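Presented below is the structure to which this report refers.
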Amino acid sequence: MTKPNILFIQVDQLAAASLKFYGDPVCHAPSLDTLAANGVVFENAYCNFPLCAPSRFSMAAGQLCSAIGAFDNAAEFSAEIPTYAHHLRRLGYQTLLSGKMHFIGPDQYHGFEKRLTPDLYPADFSWVPNWGNEGKRDTNDPRSVTISGMCERSVQIDFDEDVTHQAVRALFDIARSDDDRPFFMQVSYTHPHEPYLCKEEYWNLYSDVEIPKPAVGALPEAQHDAHSVRLLKDFGMLNFEFSDQQVQQARRAYYGSISYLDNMINDIIEALKATGVHKNTAIVFTSDHGDMLGERGMWFKKHFYEKSLRIPLLICAPWIEAQRRSELVSLVDLLPTFNGLATKGQWRQTTENLEGTDLTAFIDQTGRVSERAVYAEYLAEATTVPLFMIRRENLKFISSSTDPNLLFDLDADPLELQNLAFKPEFADVVKQFEEEVESKWDEQALSEQIVQSQQRRAIIREAVKSGVEVRWNHDELPGQKVPWYRGVGGYNEWAFDYLPVSN
């Protein structure tokens, strides 16, 4: 049986609703639109943790973050946990990674044979949270919105262009090599993650376009749920008033960044065609999480609202008919799905109790295959207890031991404005969800694990500042100066150090 190649393209902080094939009216992304028109689009896809590193680790392991200790953006991803790269290598694949994976810890490969680029962010414990005493935060503040628009060059642009260059070159190297194994290549970009900046040519794509405004404008504190208030305080955005122009400028730059990504994705697809392997290559496209983009006055991620949690997911392969699937799916489904693609659905999991399901089993089926549930967690900063989310059918339930419950009917209330959790007619539904949360998670034990992990990592972070600091980042020497962010100075000072457009 000839195994197909698998090209896995992942982007950062791209909300599904910002793409035309998910209903956006203006987004210019013809390469992605073509993949969607010829592939399988999953209409209800979610991340399992709306934050970069935990989302990626959960995705790679096929398990929820609470099960693998991936609590936040500075939690080590254990080397003993098998990833989709390990599984595919066992099936005879060569495995390559170009771009951001945000691995934390000394293992910077996790099953990939080759890493073609460095990573963008620290691989150490620079960003360890401290529940209950966060202190001055290093990331996310109003400048992401107030300093937005055009730029000629930024570190993120430098990074993503290198990601594309290395991926394209690797495709040609594979075609010229004597290695006849199929390949699994992950190409992982940092755009359209904030700062909301894009090059002039992509900004100009939207010069005569009415950029959609947030469907729900900024809300007063009293109308926000408890976690939203904490996030807004953490971001320095609670009661911060952005002008309409600032909001539209940031959103326009976000669209420009998507178009910029789309152009680079086209370069990779053209390289597939030029090497002649496109007819035996499955392309999978997704994002690690979404972006609130000003909805409710909120930005970035870290919440379970649709803009933050719902992601694009598609599979495009010449042997698969174009279709749209309505099942509830999530990123933990990718590990079994990659194995399903590699084995034509014959793969069976071994030692791991995986959370996900092989999505290739849904393809070409009549009607919705099953009424699945999707689970998500938030265990990082701006909280003091774990937060849990269950999406089942049309209902979304959000729970923690310190916040009032949230319950939304996404069919009747897609903007999530009507909390049904305290309406008498939903009392039985809420009770069932509460019992499911209690059955799936041990909040007290998990909280103790998280706090202990934070304390341990904080000790290590402070200790290694003495003497020669050894980096875990891929392909870097101790003390080597690199353009990527390494926890030195403020993140926003680094992110906004960009070259403006010359007039």
Side-chain angles (χ1 to χ4, degrees), residues 4-16 18-22 27 29-42 45 47 52 55-56 59-60 83-85 88 93-102 112 114-117 119-120 156 159-172 174 182-193 257-275 277-278 280-290 311-318 320 329 331 333-335 337-338 341-342 359:
N5 304 305
I6 303 172
L7 172 63
F8 177 34
I9 301 174
Q10 183 174 51
V11 298
D12 197 332
Q13 207 158 300
L14 175 56
S18 297
L19 294 169
K20 192 168 289 186
F21 56 93
Y22 283 103
C27 183
S31 299
L32 289 175
D33 289 344
T34 299
L35 288 177
N38 292 284
V40 182
V41 175
F42 293 91
C47 69
C52 297
S55 178
R56 293 159 187 267
M59 172 191 72
T83 68
Y84 44 61
L88 290 170
Y93 278 74
Q94 50 183 312
T95 56
L96 308 91
L97 170 62
S98 183
K100 173 183 175 180
M101 198 60 197
H102 209 156
F112 288 98
K114 296 179 181 178
R115 289 204 62 170
L116 307 178
T117 68
D119 218 320
L120 190 65
Q156 291 198 157
F159 184 81
D160 278 350
E161 292 195 355
D162 189 42
V163 169
T164 306
H165 171 74
Q166 298 297 339
V168 168
R169 187 172 73 174
L171 288 171
F172 284 106
I174 290 169
F183 67 78
F184 173 79
M185 180 186 289
Q186 181 167 349
V187 182
S188 185
Y189 292 106
T190 183
H191 284 84
H193 190 291
S257 293
I258 297 172
S259 300
Y260 167 67
L261 273 174
D262 189 79
N263 190 59
M264 290 187 290
I265 290 169
N266 183 66
D267 289 344
I268 295 173
I269 294 172
E270 289 302 312
L272 279 180
K273 294 176 180 177
T275 56
V277 300
H278 60 292
N280 191 40
T281 300
I283 300 174
V284 179
F285 173 81
T286 195
S287 177
D288 56 353
H289 50 74
I311 54 165
L313 178 60
L314 66 84
I315 301 172
C316 185
I320 298 176
V329 303
L331 289 179
D333 294 322
L334 285 181
L335 185 154
T337 300
F338 290 144
L341 287 168
L359 299 182

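Fair warning: this is a prediction, and the values are worked out from it, not measured in the lab. Here, residue 1 is the first one in the sequence, and each next residue gets the next number.
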Would you say that V284 contacts I9 through its side chain, given a criterion of any heavy-atom pair below 4.5 Å between the two side chains?
no
Contact between V187 and F8 at the side-chain level, heavy atoms closer than 4.5 Å - yes or no?
no
Got a second to check how far I311's CD1 is from M59's CE, nearest 0.5 Å?
9.0 Å
Any side-chain heavy-atom pair of Q186 and L96 under 4.5 Å
no
Would a distance-only check, ignoring hydrogens and angles, find a side-chain to backbone donor-acceptor pair under 3.5 Å from S287 to Q13?
yes
Identified side chain to side chain contact (heavy atoms under 4.5 Å, CB included) partner of I265 from the options N263, I268, I269
I269
Scan side-chain atoms only and decide if D160 and Q156 contain a donor-acceptor pair under the 3.5 Å cut-off.
no
Indicate whether the side chain of R56 and that of S188 have a donor and an acceptor atom separated by less than 3.5 Å.
yes
Can you tell me how far the CZ atom of R169 sits from the OG1 atom of T164, to the nearest 0.5 Å?
13.0 Å
Keeping D288 on the side-chain end and C47 on the backbone end, is there a donor-acceptor pair under 3.5 Å?
no
For the pair N5 (side chain) and F183 (backbone), establish whether a donor and an acceptor sit closer than 3.5 Å, ignoring hydrogens and angles.
yes
To the nearest 0.5 angstrom, please state how far the CG atom of L359 sits from the CG atom of D333.
4.5 Å
Rounded to the nearest 0.5 Å, what's the gap from CG on L97 to CG on L116? Could you check?
7.0 Å
Would a distance-only check, ignoring hydrogens and angles, find a side-chain to backbone donor-acceptor pair under 3.5 Å from D12 to H193?
no
For the side chain of S55 and the backbone of C52, is there at least one donor-acceptor N/O pair under 3.5 Å apart?
no
State whether the side chain of T95 and the backbone N or O of A85 hold a donor-acceptor pair below 3.5 Å, judged by distance alone.
no
For Y84 together with F184, are the ring centres under 6.0 Å from each other?
yes
Determine the sole option in L261, L32, T190, I258 for which the side chain to side chain contact (heavy atoms under 4.5 Å, CB included) test with V11 is passed.
L261
Enter the distance from T286:OG1 to L331:CG here, rounded to the nearest 0.5 Å.
5.0 Å
For a quick check under 3.5 Å, do Y189 and E161 share a side-chain donor-acceptor pair by atom type?
no
T34: partners by side chain to side chain contact (heavy atoms under 4.5 Å, CB included), with sequence neighbours left out
N38
When rounded to the nearest 0.5 angstrom, what distance separates NE2 in H191 from CG in D262?
13.5 Å
For the pair T275 (side chain) and F172 (backbone), establish whether a donor and an acceptor sit closer than 3.5 Å, ignoring hydrogens and angles.
no
